[in-house]
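Side chains are part of it too, since the values below use all heavy atoms of this structure and drop only hydrogens, waters and symmetry mates.
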Amino acid sequence: MSVGRKQRRTGAAEPIARRAATALALAAFGALLFGWLRGGGTVEVPWALTLDLELELGLDGLATLYALLATGIGAAVFAYASAYMPWHTAHAGQPRARELRFWAWMVIFMGAMVGLACARDLVSLFVFFDLTAIASYFLIGFDRERRAARGAALMALLVTGVSAVLLLIGAVVLYERYGTFSVPELVRLAEPGTTTAIAAALIAVAALAKSAQAPLHFWLPRAMEAPTPVSAYLHSAAMVAA
């Protein structure tokens, strides 16, 4: 009896999760658009004062463009996944509860991409950069019973995880030279030189690996092992362009 009640509760939760995720994507799209039409702005939240770290997010033209892509395409992908995922889990013989984890990671993935687009300091950029890698790992490896899916997820995590470390090293190099992680401040203070060139090269390699540019593109085709909505989101303008 208890097993049956648990299954019924799980079955009832799945449609709620689908609708809630889609509604959240649409609400985020609307909020970002409204914020941009009202003139944009920045949010600064100190979180490690001894290290001079703060969460700094800004809604300028470029951030708005890619945040709207992440949420707008996200809403379309979520709507498609609402019909696709019940069929996928049933066809693969997977427990229905796993679909709830799918929606949780998709929402985290979308939020990380919005944060990545709006981040105005290099530490926040690194955090969101790495969070997309973690979410990608669980989404690409959603069908974990399949060896190909597990291998593709691990490859994506290794490539994007190592690239995130390069980004962090570049950020630390710039901080040691200029005393700030703030991107606007670094744009103002940075001068041509060896230190700046090394840091810029590290950050550029991280971006090239994350956006699957040749010769660091080999992980993205294998990501097609993921369920179709995940592949659509990964290959769309949402993450690769962010």
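Distance check: Tyr175 OH to Phe181 CZ gives 6.0 Å after rounding to the nearest 0.5 Å. For the atom pair CG of Leu37 and CG of Leu33, the computed distance is 4.5 Å after rounding to the nearest 0.5 Å. Taken to the nearest 0.5 Å, the OH atom of Tyr137 stands 14.0 Å off from the CZ atom of Phe142. Residue Leu69 holds its CG atom at 9.0 Å from CZ of Phe29, rounded to the nearest 0.5 Å. We find the CG-CZ distance between Leu57 and Phe128 to be 5.5 Å, quoted to the nearest 0.5 Å. If you take CG on Leu154 and CG on Leu158, they are separated by 4.5 Å, rounding to the nearest 0.5 Å.
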Quiz item: What's the verdict on side chain to side chain contact (heavy atoms under 4.5 Å, CB included) for Leu125 and Leu122, showing C-alpha distance, side-chain angles and the deciding distance?
Solution: CA-CA 5 Å; Leu125 190 70; Leu122 292 178; 4.0 Å; yes
Quiz item: Can Leu189 and Arg177 be said to form a side chain to side chain contact (heavy atoms under 4.5 Å, CB included), step by step?
Solution: CA-CA 10 Å; Leu189 296 173; Arg177 175 66 177 83; over 6 Å; no
Self-check item: Audit row: Lys210, Leu167, side chain to side chain contact (heavy atoms under 4.5 Å, CB included) steps and yes/no
Solution: CA-CA 11 Å; Lys210 188 73 167 181; Leu167 171 63; over 6 Å; no
Self-check item: Stepwise side chain to side chain contact (heavy atoms under 4.5 Å, CB included) check, Ser82 with Thr22
Solution: CA-CA 8 Å; Ser82 296; Thr22 306; 3.7 Å; yes
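In this structure, Ala21 and Trp103 approach most closely via the heavy-atom pair CB-CE3, 3.5 Å. In terms of heavy-atom proximity, Trp219 sits nearest to Thr160 at CZ2-CG2, 4.1 Å. Met113 and Ala70 make their closest contact through CB-CB, 4.0 Å (heavy atoms, listed as atom of the first residue, atom of the second, distance). Looking at every heavy atom in both residues, Phe102 comes nearest to Val230 through CE1-CG2, 3.5 Å. Of all the heavy atoms in Leu174 and Thr196, the pair that sits closest is CD2-CA, 4.5 Å. Summarising the geometry of Ala25 relative to Met110, their closest heavy-atom pair is CB-SD, 3.7 Å, with the distance given to 0.1 Å.
With hydrogens and angles disregarded, no donor-acceptor distance shorter than 3.5 Å links the side chain of Asp130 to the backbone of Ala164. Looking only at distances, no side-chain donor or acceptor of Glu185 sits under 3.5 Å from a matching main-chain atom of Val183.
For the side chain to side chain donor-acceptor pair (under 3.5 Å) test, no residue two or more places apart in sequence or in another chain qualifies with Arg38. Scored by the side chain to side chain donor-acceptor pair (under 3.5 Å) test, Asp143 finds His88, Gln94 as partners (sequence neighbours excluded).
No side-chain heavy atom of Phe78 sits under 4.5 Å from any side-chain heavy atom of Arg18. Ile203 has its side chain out of reach of Leu166: every pair of non-hydrogen atoms, C-beta onward, lies at least 4.5 Å apart. Glu99 has its side chain within reach of Pro86: a pair of non-hydrogen atoms, C-beta onward, lies under 4.5 Å apart. Two residues are said to be in side-chain contact when any heavy atoms from C-beta on lie closer than 4.5 Å; Leu59 and Thr42 fail this criterion. A 4.5 Å side-chain heavy-atom check between Ser163 and Val205 finds every atom pair outside the cut-off. Under the 4.5 Å side-chain criterion, counting only non-hydrogen atoms from C-beta, Tyr66 is not in contact with Thr71. The shortest side-chain heavy-atom distance between Met85 and Pro229 falls under the 4.5 Å cut-off. Contact annotation: the side chain of Met155 approaches that of Phe218 to within less than 4.5 Å [non-hydrogen atoms, C-beta and beyond].
Classification of the Tyr84-Trp87 ring pair by plane angle, with boundaries at 30° and 60°, yields tilted. Classified by interplanar angle (parallel below 30°, tilted 30° to 60°, perpendicular above 60°), the ring pair Phe109/Tyr233 is perpendicular.
In the hydrophobic clustering of ILVMFWY residues, with side-chain heavy atoms under 4.5 Å counting as a link, Ile198 and Val165 come out together. Val114 and Leu131 are not part of a single hydrophobic cluster, where members link through side-chain heavy atoms under 4.5 Å apart. No path of Ile, Leu, Val, Met, Phe, Trp and Tyr side chains, each step under 4.5 Å between heavy atoms, connects Leu68 with Val77, placing them in separate hydrophobic clusters. When the side chains of ILVMFWY residues are joined at heavy-atom separations under 4.5 Å, either directly or via intervening members, Leu139 and Leu24 end up in a single hydrophobic cluster.
Tested against Arg147, the residues Arg144, Glu145, Arg150 include a single side chain to side chain contact (heavy atoms under 4.5 Å, CB included) partner, Arg150.
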